[in-house]
Structure formats: structure tokens, C-alpha cells
Amino acid sequence: MKPETACLHAVRDHSHLTGAVAAPIYQSATFAHPALGQSTGYDYSRLQNPTREHTEKLVAALEGGADALAFSSGMAAIACLMELFGPGDEILATDDLYGGSIRLFDRVSKKNGVIIRYADTSDVTAVAAALTDRTRGVFIETPTNPMMRVTDLRGVKDLLAGRDTLLLVDNTFLTPYFCRPIVCGADAVIHSGTKYLAGHNDTLAGFLVPADAALAERLRFLQKTTGAVLAPFDAFLVTRGIKTLALRMEASQRNALVIAAWLREQPKVTRVYYTGLPDHPAYELSRRQGTGFGAMISFSVDTEETARRILEQTELILFAESLGGVETLITYPATQTHADVPEEARAARGIDGRLLRLSVGIEAAADLIADLGRAMA
Ligand SMILES: *Cc1c(COP(=O)(O)O)cnc(C)c1O
């Protein structure tokens, strides 16, 4: 089944006999038992709920995982994942990571005795140099947020051969429509389902997608114990969003290609970071590792003043955190997504007051360009 078809038909819920085409919302906290020692398969919605299960099976099918676990947010998913690790365990993470993940790692995981190290994972030799005997997980975001660096997943997987180290990949930016990290050797895929999977800037969700059944079982235990599961109505919204994932990803990417090329020609734009530009250092790798580049663009402008003016003057494009929805959003990484990253660390990564990030949506590219052009004039 092709991905476009799988988004709609990968999971058929035959347990209900009504013929409902849309998977129903089971808004029930608990489920009655037929008799002592018997269960319908559903006992209590923290453990499992039919609506959530439908969404989970769909995400597992799209990513090619053994299972998928749905959480109330992306951060809830990552927090649960980190419960796999204990005092003395080391996690090696991409240095240019989503700000919320850095905050979790540095302020919560560290307190639990987990040692977090950062490296530029787009450089496989840097990963090799940073691995130690105690590295239990390599946590990768690709492309990175906001600098759009791409990690060679198969290259990193090769380094982990014979080690007791999980390859963990946050696939929020590309989604399984453009990249399937498990095919490249990932042991688990992470999503902020809030972004492209749900796709409409209207719900929070998160996913963990383990590649094998043994890891799935460990994560299921942690999820039912810590409890940040996705609510039935929100699961319904994610399932509905995924029905149009292919269309949305194609439309957003088409716009992103046009806008990145246009940005480049603007006198006030000093640099454009988009993996779909043929001279981006990771253009070829992105093509080998997936089927698309996504629709996230970062760009630098001549002065901080210009950056501020763009944020204030765009009308169609909303100045808001988040990404991956049908509406185009612009963010200011220095004070929004990366506000909790120390200024020195931000500067080292090029995240300064002249950097802006666009999550390109599905409006007409001409309208988006007109809006940006007006704001930049
Ligand atoms: C948004 C985001 C998260 C966190 O997800 P929430 O749903 O906001 O909790 C994690 N990783 C990436 C790459 C994100 O963009």
C-alpha cells in the first residue's frame, strides 16, 4: 500500500458492526468485564482505549514500528522515553535540538542521574568521538530545529553495532510521509503529533514508535504507570489529521520550495536554511534518507531591526510558536522555542536575533510571498 493510501486505510476497525467509516470516539474512562477473569480487551482508558488504539495502530503502520504509543503531548512522550534510563546512563543528543527537549534533558533527566552529552550529530565522526561505554541512547532530531542540519541515520546506526545503545529519532519535521527512520535502523521514533500528524494547530499529541516488541513492552509499562495518555477526542483529531497527511505534506513542501528560492533573492535576507535547496549541504543525504525535505525554513536577515519588523508586519503569516499546521507560522527562535537555551549555547549554534523560522502551510505561495515582501519592505 502506498503512503497516501495507508494514511486512510492502514487500519480498519472491524470490531464495530455499524459500518462507520470514521473510527468512533469511545469517550469512556472504564469498560465493564463480561465475567470474573474476563475482559473485552479494554479495562480502563489509561491502559487502552479503542479510539486511541486506532490512532496508535495507524502511526505504527506508517512508521513501520512494532507498536505506537500515543501521549498527551510530544514532551509527555519524550519524558516517558527517558524513564528507560537511570543513574549513570549516558544519552548522546543532537546539539541543535528542540528547546523543550533540551530543557527536559538538562533540568529533569540530569536530576535523575542520567548524563546528557551533546554533539553535532550531522557529523558522524563527532558522534563516534562522543560515544562512551555508558552511552545507552543516541537521541537525534533531523533535520534540526532551527538550523536544519541533517544526520546520516544509517551512518550513526553503523557506529552502534554491538553496543547496548538505542537509536532514538525525533521525526516530527519530516513525518513518515517523507522519512521512515526505522528503515534506517532507528530503535524508536518520536513525534510531536501536535505538528504535522494532527496538522491543524488544534490539538496536542505525542507518539513513541518502538521498532521491536520487546521495547514496546517496556514502554507500555512505563506509559500505563506514568499515565500521560492521549484523550479519545484528541486521538480522533489526530486520526482525522493523518487522513490528509500526504496532501498537506506535498502542498506545504511545494510552497516551501518556492518561498526558499524567493527568500534567497531578497536583499535583506543574508542566509536561507532549507534542505530542499540543491546547494544545502544535506540535500543529497536528505534525498537518500527520505522522499522529501519538509516545509520548515529558517532564514537570517541583515539586522535585528528587520527581524522584528517582519514579525510585527506580517498579517497572513501568524507570529506564533509551533509548526506543522495548515496555517503558515513565523517564530523567533531566540526568544521563543530556544528561550531556555543559554545565550552562549544559542550563539554557538547561530541562533541569534537575526534568525527567523517559518513553518510553511498550505495557503497560496503567492499570498505568502506578498505578505513577507510587504513586511520586509
Ligand atoms: C514541538 C516539538 C516537540 C514537543 O512536542 P509538544 O507536542 O509540543 O509537547 C518535540 N520535538 C519537536 C521536534 C517539536 O517540534
Side-chain angles (χ1 to χ4, degrees), residues 69 71-122 130 135-149 151 166 168-173 188-198 201 203-208 219 222-223 226-230 296 298 319-324 329-353 355-357 359:
L69 291 74
F71 292 83
S72 54
S73 71
M75 289 320 302
I78 300 172
C80 180
L81 179 71
M82 292 308 287
E83 294 295 337
L84 288 171
F85 306 105
D89 288 347
E90 284 186 17
I91 300 296
L92 178 61
T94 302
D95 56 1
D96 181 32
L97 211 56
Y98 174 71
S101 300
I102 297 176
R103 184 171 60 215
L104 174 75
F105 291 170
D106 289 353
R107 311 264 290 271
V108 180
S109 306
K110 248 182 204 171
K111 166 178 74 69
N112 296 340
V114 179
I115 298 153
I116 312 285
R117 298 152 68 94
Y118 294 96
D120 175 1
T121 57
S122 69
T135 311
R136 292 290 161 265
V138 177
F139 188 99
I140 287 171
E141 207 177 294
T142 183
T144 61
N145 179 8
M147 302 313 286
M148 309 299 158
R149 291 206 220 111
T151 295
L166 296 172
L168 310 165
V169 180
D170 184 331
N171 196 29
T172 298
F173 272 32
V189 169
I190 297 113
H191 276 282
S192 169
T194 310
K195 315 294 169 56
Y196 290 103
L197 294 181
N201 290 320
T203 189
L204 297 185
F207 292 91
L208 294 179
L219 291 171
L222 292 170
Q223 187 196 36
T226 54
V229 296
L230 190 62
M296 296 300 300
S298 293
F319 173 29
E321 275 178 67
S322 201
L323 62 106
L329 302 182
I330 191 161
T331 52
Y332 197 46
T335 64
Q336 289 183 303
T337 49
H338 289 65
D340 278 350
V341 179
E343 189 169 350
E344 247 168 66
R346 258 190 272 139
R349 289 171 217 165
I351 305 170
D352 60 21
L355 185 77
L356 294 163
R357 192 192 74 184
S359 167

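Nothing fancy with the numbering, it's 1 onward along the sequence.
With rounding to the nearest 0.5 angstrom, the CD atom of E141 is 7.0 Å from the OG1 atom of T172. Note that the OG1 atom of T203 and the CG atom of L197 stand 11.5 Å from one another [nearest 0.5 Å]. In this structure, CD1 on I78 lies 5.5 Å from CG on D170, to the nearest 0.5 angstrom. If you take NZ on K195 and CG on L323, they are separated by 4.5 Å, rounding to the nearest 0.5 Å. Rounded to the nearest 0.5 Å, atoms CZ (F85) and CD1 (I116) are 9.0 Å apart. Put simply, CD1 on I190 and CG on N171 are 9.0 Å apart, with the number rounded to the nearest 0.5 Å.
By the 4.0 Å N-to-carboxylate-O rule, R136 lies too far from E90 to be salt-bridged with it. Taking 4.0 Å as the cut-off between side-chain N and carboxylate O, D352 and R346 do not count as a salt-bridged pair.
In summary, the side chains of T94 and D96 do not present any donor paired with an acceptor at a separation below 3.5 Å, with no hydrogens or angles considered. A side-chain N or O of T331 and one of R357 form a donor-acceptor pair less than 3.5 Å apart.
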Verdict with supporting geometry, R117 and I91, side chain to side chain contact (heavy atoms under 4.5 Å, CB included):
CA-CA 6 Å; R117 298 152 68 94; I91 300 296; over 6 Å; no
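Closest heavy-atom contact between S322 and S359: O-CB, 4.4 Å. The two residues T135 and A130 have their closest heavy-atom pair at OG1-O, 4.4 Å. Scanning both residues, L355 and P333, for their nearest heavy atoms gives O-CD, 3.5 Å. Nearest heavy atoms, A205 versus T194: N-OG1, 3.0 Å. The heavy-atom pair separating C80 from L219 by the smallest distance is SG-O, 4.4 Å.
Residues N201 and L329 have side chains in contact (heavy-atom distance under 4.5 Å, counting atoms from C-beta outward). Under the 4.5 Å side-chain criterion, counting only non-hydrogen atoms from C-beta, V229 is not in contact with F71. At a threshold of 4.5 Å between non-hydrogen side-chain atoms, the residues F207 and L69 do not count as touching. Counting heavy atoms from C-beta outward, F139 and L81 have side chains that approach closer than 4.5 Å. With contacts defined as side-chain heavy-atom distances shorter than 4.5 Å, the pair L166/L84 qualifies. Using a 4.5 Å cut-off on side-chain heavy atoms (C-beta onward), M296 and Y196 make contact. Within the 4.5 Å cutoff, the side chain of P87 has no heavy atoms near those of the V114 side chain.
Results of the side-chain hydrogen bond (donor to acceptor under 3.5 Å, both in side chains) test with T151 over T144, T121, T142 single out T121 as the only residue that passes.
The main-chain N or O of G206 is never found under 3.5 Å from a side-chain atom of S73 such that the two would form a donor-acceptor pair. Side-chain atoms of S298 never come within 3.5 Å of backbone atoms of M147 as a donor-acceptor pair (strictly under, hydrogens ignored).
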Got a list of side-chain donor-acceptor pairs under 3.5 Å for residues 97-113, not counting sequence neighbours?
residue	atom	partner	partner atom	Å
R103	NH1	D340	OD2	2.7
D106	OD1	Y118	OH	2.9
S109	OG	L104	O	3.4

